[in-house]
Protein chains: 2
Amino acid sequence: MPAKRPPIPLSRERIIEAALHIADSQGLRRLTMRRLGDALQVEAMAIYHHLPRGKDALMDALAEHVTAVHVEPGGDWRETAREWCRASRAALREHPGVLALALTKPPKGQAAMAVREQTEQLAEAGLPDAAQAVRALRAYVFGAVAVEVQQSGWAEPAGPEDDAEPWLPPSRGGGSAAADADFERGLDALLAGLTRS
Amino acid sequence: MPAKRPPIPLSRERIIEAALHIADSQGLRRLTMRRLGDALQVEAMAIYHHLPRGKDALMDALAEHVTAVHVEPGGDWRETAREWCRASRAALREHPGVLALALTKPPKGQAAMAVREQTEQLAEAGLPDAAQAVRALRAYVFGAVAVEVQQSGWAEPAGPEDDAEPWLPPSRGGGSAAADADFERGLDALLAGLTRS
DNA sequence: ACCTGAACACCGTTCAAGT
DNA sequence: ACCTGAACACCGTTCAAGT
């Protein structure tokens, strides 16, 4: 007989990881407490022990996970801003399944802290209205990733056959290299605009 | 006794209207076929007669409704683009409850047609790479509205007391006038960037 | 043609109970 | 402390039936 599954203790981190996998591979609408329990080899009710507010808490945690990024402030404010935007874009693109949450839920917890951190870094580096700049940068990243993911064809039928991969290589409707170039070009333009305001 | 309710025939339009009202006032997660039926004075199952693919079709229709905008092409391409962006922003802001769908679902039907129309108008007006410009403009609007709605505090607790209003006046975290000015300023910068590329 | 009733499989969440 | 079983109210969707 197979060795009895070693009962790895459940944890917030393991739950979030499994939830991201389901959301990215099957879509947010198929992310279910019961399915999540199955993926974790546990009854759905066990999850409530680690996320007391249940599914709402899970959704919040997913948005937070994909949206709480950090960078070290090297170079001038322009370069710091660039790194923030690149890191944010990468985090969002990695988990298209929860993009809707990330773009829609106001930042809480770690995510709110990351926004404050970003604002302070830019202000310290000498940018006059850092709060407004951060809003503009966040908006830029959000919009760019939204159209990239739309164009990639994620959220389409896809059928229940394909299950394992986190997501197909984003090489459709223009390809990743072109998307990268577009992103950097738009980012440069935005940074130029922020300077002379 | 009260006059027997006049049986206004159900229709796709009435269904979508009622669904938008529920989503905007109570959130997408509370938009339910049964609740939607109640709002329309009809059993939930009647809806399937007008939206054969059920809830998926409803979600598609909501995204389409809030995303399929049209403008008449007056002035140069810059002014046409501006009008597209203003109209898109207005449509998205009017229905924060379905913003997640609008930013996330690839355009279909009327929405896809609107994108094509916009591209053609800009190309006809002499813009070299109109397709790329439309992507950039859509991204700009999406991102701007996403942070505006996040900042407005929509999607917060709000409780089930407040039910009637479509949405509170967007006068929080900076106010609508400041948001309008930010939007126009960013739009000008983007249009300038599109010119010299 | 349009709507309803009953039924089915599946949800989120609670609570007492097990270990 | 951590997980389970059973239960409850609610969900999407089907299908045969009513008018």
Run A:Gln121 and A:Trp84 through side-chain hydrogen bond (donor to acceptor under 3.5 Å, both in side chains) and show every step you take. CA-CA 10 Å; A:Gln121 279 183 17; A:Trp84 272 107; 3.1 Å; yes
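At a threshold of 4.0 Å, the pair B:Arg86-B:Glu184 counts as salt-bridged, since one of the basic side-chain nitrogens sits closer than that to a carboxylate oxygen. Using a cutoff of 4.0 Å between basic side-chain nitrogens and carboxylate oxygens, A:Arg89 and A:Glu148 are scored as salt-bridged. Using a 4.0 Å cut-off between charged nitrogen and carboxylate oxygen, A:Glu17 and A:Arg14 do not count as a salt-bridge pair.
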What nitrogen or oxygen pairs link the protein and nucleotides 12-16 of chain D at under 3.5 Å?
from, atom 1, to, atom 2, distance (Å)
D:dG12, OP1, B:Met33, N, 3.3
D:dG12, OP1, B:Lys55, NZ, 2.8
D:dG12, OP2, B:Met33, N, 2.9
D:dG12, N7, B:Arg34, NH1, 2.2
D:dG12, O6, B:Arg34, NH1, 3.3
D:dG12, O6, B:Arg34, NH2, 3.2
D:dT13, OP2, B:Tyr48, OH, 2.8
D:dT13, OP2, B:Lys55, N, 2.9
D:dT13, O5', B:Tyr48, OH, 3.4

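Among B:Ile15, B:Thr67, B:Leu31, the single residue meeting the side chain to side chain contact (heavy atoms under 4.5 Å, CB included) criterion with B:Leu62 is B:Leu31.
We find that CD1 of A:Ile47 is positioned 10 Å from P of D:dT4, with the value rounded to whole Å. Separating the CZ atom of B:Arg14 from the C1' atom of C:dC2 is a distance of 13 Å, rounded to the nearest angstrom. In this entry the distance linking CG of A:Leu51 with C1' of D:dC2 reads 14 Å, nearest Å.
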Using Watson-Crick or G-U wobble pairs with both distances under 3.5 Å, give me DNA chain D in dot-bracket, 5' to 3', with [ ] for crossers and | for pairs to another strand. ||.|||||...|||||.||
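Ring-plane geometry between B:His65 and B:His95 is classed as perpendicular, the angle between the planes exceeding 60 degrees on a 0 to 90 degree scale with a lower cut at 30.
Here A:His49 does not reach the OP1 or OP2 of D:dT4: none of its side-chain N or O atoms lies under 4.0 Å away. The shortest distance between the side-chain N/O atoms of B:His50 and the OP1/OP2 oxygens of C:dA1 is not below 4.0 Å.
You'll find the ring centres of B:Tyr140 and B:Phe183 inside the 6.0 Å limit.
Residues A:Arg78 and A:Thr195 have side chains that bring a donor and an acceptor to within less than 3.5 angstrom of each other.
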